[in-house]
Each structure stands twice: as structure tokens, then as C-alpha cells.
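Structure, as C-alpha cells:
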Amino acid sequence: LACAAAKKRIRSSHSSIEQQSAAAVTGDIAHRAPPNTGSYYNPIRMLRAASNSNLLAHYATLSHLSSTLVRTLAISVVSMLVLSFIPRFGGFTKGDLCVLIATLCQAFLILWLVHWKFHRFDISLDAVIKYFACGFIIVTGLAVFFELVETIVIHVFLIMAISLSGITKVQSQDFGSGVSSFGKLGVQFVSNGFGGGHGRYLQDQADDMSKTFAKEFPVITCVYLFVNAFLMAAMVEELAKYFGFRMIEHPDFLSDKQLQDGAEAVAAAERRAQREVALENEESEYEDDGSEGADGDPASSGRDCAAYEAMGDTVATTVDAAVSAAAEAVGATSPRAESNLTLVPAPTKTLNDKGAAITVAMVAVALGFACCENLVYIFIYNGSDLETKIAVLVLRSLFPIHPLAAAIQSIGVCRRDIENDRRFGVGRSILPAVLLHGSFDLAIMIASFLVAVNPDDEEFEEKAETASLVVSFVIFIIGAVYYLLQSRAQRKRLNELESAGTKAGLLPTATGAAADHALV
């Protein structure tokens, strides 16, 4: 009976730990920080407290993930440097290497201005690296996938429109007159010119058919360009950037209470798992040591009941000691020690500081995506001669529309997460950015369309390209002015909240847990 009671007590204690951990994961503690958060985040807080602007000091506080990302980038650049010295290896030359480095530097220069120059203490270098990498890798993958799906759908409707228009015969200047059936238009989207000379011929015939359709049905073509610019490009990319920011949870955006609660929740879950393993081992040893008698009396067991009863008191101590010793042996921190996370005092961030951190993080995501997109446009879509690559880089660097659109998005995010204005959901937050991005892309697409349908008029081509640059510049300036006005108004509102003593959004409150759950 004593053994049965001890076993029941052990089961009850483990069930209680399991319930507490489950409650922490399902909502009582919304934000969870890794058990070693304090070990790498406290030095970041120390830099902020000391107003240390030494770049090497900030680099020394990077987490293992951020350090790995930086080293991976450095290794990749060095590898491309080596390849540039190998003749005829993939056609990658020293000039291509310079363009590659210039493309990276263009993104890093904007990051330096946005983050390091003005907001290095509002958000850590560690966070900026992670957000940039998220944009470069994850957001690019999301955007490519969903744009591909939309492209297929839109092109199906375009093919149907061309088929219904009755266009079958095309006069091609390059290939002479010929009849091109509707089915060959699909080759443009399937083979994409990779099928050799014949595939290239079919693609050119499809291009001619599209140009003929565009000349005869300009209104439908403009609708297609509008959908392409606003839905396939702007909306997909802005959504991908928005959720790229949302999918990263960094200690910079958590309150001290959230960091403490997160460390305790994860540590409790790890201790529960270790104790479950130890309990199973102890029960296995008990069963192997002797079986119960035929009458089910536990007293017939080979194990001393008093020792079994004491197991409930010794399992936790034994396991915690073993885990602490193992962690200390590999240079890690004991989960139990981290459950009592002690944070280094740091200057309290104002609401405007928190808003600036959100803006920098979203711009970092956008710059990561834009950097990868620029590399694709330069080395894949326009991978011909060096002069063309340089021209594409310069043109795409003149108007950094992606970081500007991300900054505009951050206005809506701050309205919801800091000002607690729940009217600003995903749609309302990204709508101004989608309108700006879509208008910018539409101006470029219309200019390209006009040039394509007038291939022999060099004077018209020059005028169309000039007009496209002017319109793009005007759209970019309108977007920049809009952001500056909205940002100034938001800073004023946040200052009023601060002066009124209102703690909203990211700031924890003493009256409830709503603020702790603001950034979800």
C-alpha cells in the first residue's frame, strides 16, 4: 500500500507539472523565449545601457544563428571570388563579382543608414541580421511560389482571351510570315526557351501573337497589366514581407516579464521531460527487480517499499543535478538556473523607440527580399553582358521601393501594436504599400508594353523609357512624402501617449496581460 501511494503521488506531481507547462504553451504565457535567452541577450542590454557604439562589440553579442548567417555570407562571397579566377567556370567573371558585391553593398548601405546611423540602440544588430536573412531566404521563397501560382492562373485567362479573339496568323519580321496555332502560345510558359532553337522559335512566335493581341485589344491588355502589377506583384510581395516580419519573434520586442515567463515555461517543460524519462527508468528497474505476488500484494516485491516511497523526493533532485552537470560540461546554461532569469538593467524604451524598432525590422526584411530579387534580375533575367548587369543594378537602386513600402507598412503595424488601434489589421496595414508598389510597377509595365508594340521606333522607345523614369520618380517621391507625414503624425501621437502615462502595445501593464500579448 505504501508503494502504491508513493507511485500515485509521483504520478500526481508529474501530472501537475505537465498541466502547468501545457497552460504556458497554450496561452497563459503567450511569448516563449529560449532557455539561454539571458546568456546572449544580457550583453545586448549591457551595450544599450552603456551606449556602446563599437561595431565589433555589437558583433560579439550575436547569437549562434546570427553568427552562422554572417559566416555563411562571408564564405559565399569568398567562394565566388575564387570562382572568378577560374577561367570558363560557369562564366562568372571578376566583373560579375564586382556587381555581386555592389548589389550586397547597396542593401547594406540602406541598412546602415536606417539602423546603425539612427536606431542602433532601438533594435539590436542580432535582430536586424535575422530579419534581413528572413527576407532574403524565406520571403523570397514565399513570393516566388505564390507569384508562380498567380502567373499560371493569369496566363490561362490571357490565353483564353487570345484564343477567343481569333488571332492565329502573325507577321514576324525576324522569321517571315507564318501561321502560329494557339497551342504554341503555351510553349512560352512551359519551355521558356530552354528547348533549344526550336523552343526559342516557338516562344518568339508566341511573343508575336501577344503583341498582335495587345495592338488590337489595348484595353484588355491594360487590364492584364493592372492585375499583373497590383495583384501578382505588389499584393503578393507586400503580404510576404508583412508575414516575414511577423514570423520572427525576437527578445527585442518582448518585455522583461515576457522574457522571464518564457524562460520559466521552457525550463519547466524541459524538467518535466527529464523527470518523465527518469520515472520510466525507475519503474523499469522496479519491475525488473521483482514482480508482485500472485495475490497482488506489493509487499512481495523485491524492492524495499520505503526506498520506493522516497523516489518521489529524489528523482527531481537527481535529474536536475545530472542536467546541470551535463550543461556545464558543454558550456551551456542549466535550465533550472535559467528559469530564474536575471536581466541586466537597461534604459527603458519609449513608445517611439519601439515604433522605430518595428520600422527598422520591417525594412530589414524588405531589404533582404529586394537584395535577392536584384540578384535574380541581374544574373538570371538579364545575365548577358556586364554593361547590362550594371545598368540593371543602377536602375533598380535608384528607387528602393521595397524598403519604402515596408516603412509605410510599419505605420499600420505600430497603430495596432503600440497604439492599440484594432482597426488596423493586415489589409489596412498593407493597403497603402500595395497601392504605392502597384503604381510603381504599373508605370514600368506600361512603358515596356508601349516599347514592345513599337519595336522599330527608336525615338518612341527613348521617349517611353524617359517617361517611365519620370513617372516612377514621381510615384516614389509621393510615397516618401506620404511616409514622412504619417510617421511625423504617429510620433506626435506616441509622445502624447507617453506624456499621459499610457502604457500600450508592447509596454506591459499592471492591470492585465493584454499588453503582454500585443505583438502576436
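Keep in mind that this is a model prediction, so the values were computed, not measured. These numbers come from the heavy atoms of this one structure, side chains and all, not from hydrogens, waters or symmetry mates.
Distance alone, capped at 3.5 Å, is enough to place a donor-acceptor pair between the Ser84 side chain and the Leu81 backbone. Judged by distance alone, the side chain of Gln409 and the main-chain N or O of Ala433 form no donor-acceptor pair under 3.5 Å. Using a distance-only test at 3.5 Å, with no hydrogens or angles considered, no donor-acceptor pair links the side chain of His115 to the main chain of Val360. With hydrogens and angles disregarded, no donor-acceptor distance shorter than 3.5 Å links the side chain of Ser468 to the backbone of Ala464. For the pair Asn228 (side chain) and Tyr224 (backbone), a donor-acceptor distance under 3.5 Å is absent. Proximity of a side-chain donor or acceptor of Ser410 to a complementary backbone N or O of Ala407 within less than 3.5 Å is detected. In this structure a side-chain-to-backbone donor-acceptor pair under 3.5 Å is present from Asp126 to Ser63. Checked by atom type and distance alone, the side chain of Asn374 never pairs as donor or acceptor with a backbone atom of Cys371 at under 3.5 Å.
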Would you please test Asn420 and Arg422 for side chain to side chain donor-acceptor pair (under 3.5 Å) and show each step?
-> CA-CA 6 Å; Asn420 279 337; Arg422 298 304 173 185; 3.3 Å; yes

Stepwise, does the side chain to side chain contact (heavy atoms under 4.5 Å, CB included) test hold for Leu62 with Tyr59?
-> CA-CA 6 Å; Leu62 296 184; Tyr59 178 81; 3.3 Å; yes

Candidate pair Asp252 and Lys130, rule salt bridge (charged side-chain N to carboxylate O under 4.0 Å, His left out), full reasoning | CA-CA 12 Å; Asp252 278 357; Lys130 289 172 180 173; over 6 Å; no

Run the side chain to side chain contact (heavy atoms under 4.5 Å, CB included) check on Val413 and Tyr242 step by step: do they pass?
-> CA-CA 9 Å; Val413 175; Tyr242 176 88; 3.8 Å; yes

Identify each donor-acceptor pair in which a side-chain atom of residues 436-446 lies under 3.5 Å from a protein atom, sequence neighbours left out, and give them as a table.
{"unit_1": "His437", "atom_1": "ND1", "unit_2": "Glu238", "atom_2": "OE2", "d": "2.8"}
{"unit_1": "His437", "atom_1": "NE2", "unit_2": "Glu237", "atom_2": "OE1", "d": "3.4"}
{"unit_1": "His437", "atom_1": "NE2", "unit_2": "Asp441", "atom_2": "OD2", "d": "3.2"}
{"unit_1": "Ser439", "atom_1": "OG", "unit_2": "Leu435", "atom_2": "O", "d": "2.7"}

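Put simply, NZ on Lys354 and OG1 on Thr348 are 8.5 Å apart, with the number rounded to the nearest 0.5 Å. Of the inter-residue distances, the one linking His402 atom NE2 with Phe369 atom CZ reads 4.5 Å to the nearest 0.5 angstrom. The CG atom of Asp96 sits 3.5 Å away from the OG1 atom of Thr93 when rounded to the nearest 0.5 Å. The OG atom of Ser255 sits 11.5 Å away from the NZ atom of Lys349 when rounded to the nearest 0.5 Å. With rounding to the nearest 0.5 angstrom, the OG atom of Ser66 is 10.5 Å from the CZ atom of Arg71. Rounding to the nearest 0.5 Å places CG of Leu142 at 11.0 Å from CD of Glu147.
Counting all heavy atoms, side chain and backbone alike, Pro432 lies closest to Ser429 at CD-O, 3.9 Å. Of all the heavy atoms in Gly425 and Arg416, the pair that sits closest is CA-NH1, 4.1 Å. The two atoms that bring Phe121 and Arg48 nearest to each other are O-NE, 3.1 Å, heavy atoms only.
Contact of the Phe379 side chain with the Val99 side chain is registered, since non-hydrogen atoms from C-beta on lie closer than 4.5 Å. At a threshold of 4.5 Å between non-hydrogen side-chain atoms, the residues Val426 and Leu239 count as touching. Under the 4.5 Å side-chain criterion, counting only non-hydrogen atoms from C-beta, Leu497 is not in contact with Arg493. The shortest side-chain heavy-atom distance between Pro400 and Ile110 falls under the 4.5 Å cut-off. Side-chain contact between Phe230 and Met235 is absent, with no heavy atoms from C-beta onward closer than 4.5 Å. Using a 4.5 Å heavy-atom cutoff, the side chains of Met362 and Ile358 are in contact. Two residues are said to be in side-chain contact when any heavy atoms from C-beta on lie closer than 4.5 Å; Ile44 and Leu47 fail this criterion. In this structure, the side chains of Glu373 and Thr140 stay at 4.5 Å or more apart for every pair of heavy atoms.
Ring geometry, Phe245 versus Phe253: the interplanar angle exceeds 60°, so the pair is classed perpendicular (tilted spans 30 to 60°).
Under a cutoff of 6.0 Å and an axis angle of 45°, Lys94 and Phe85 form a cation-pi pair.
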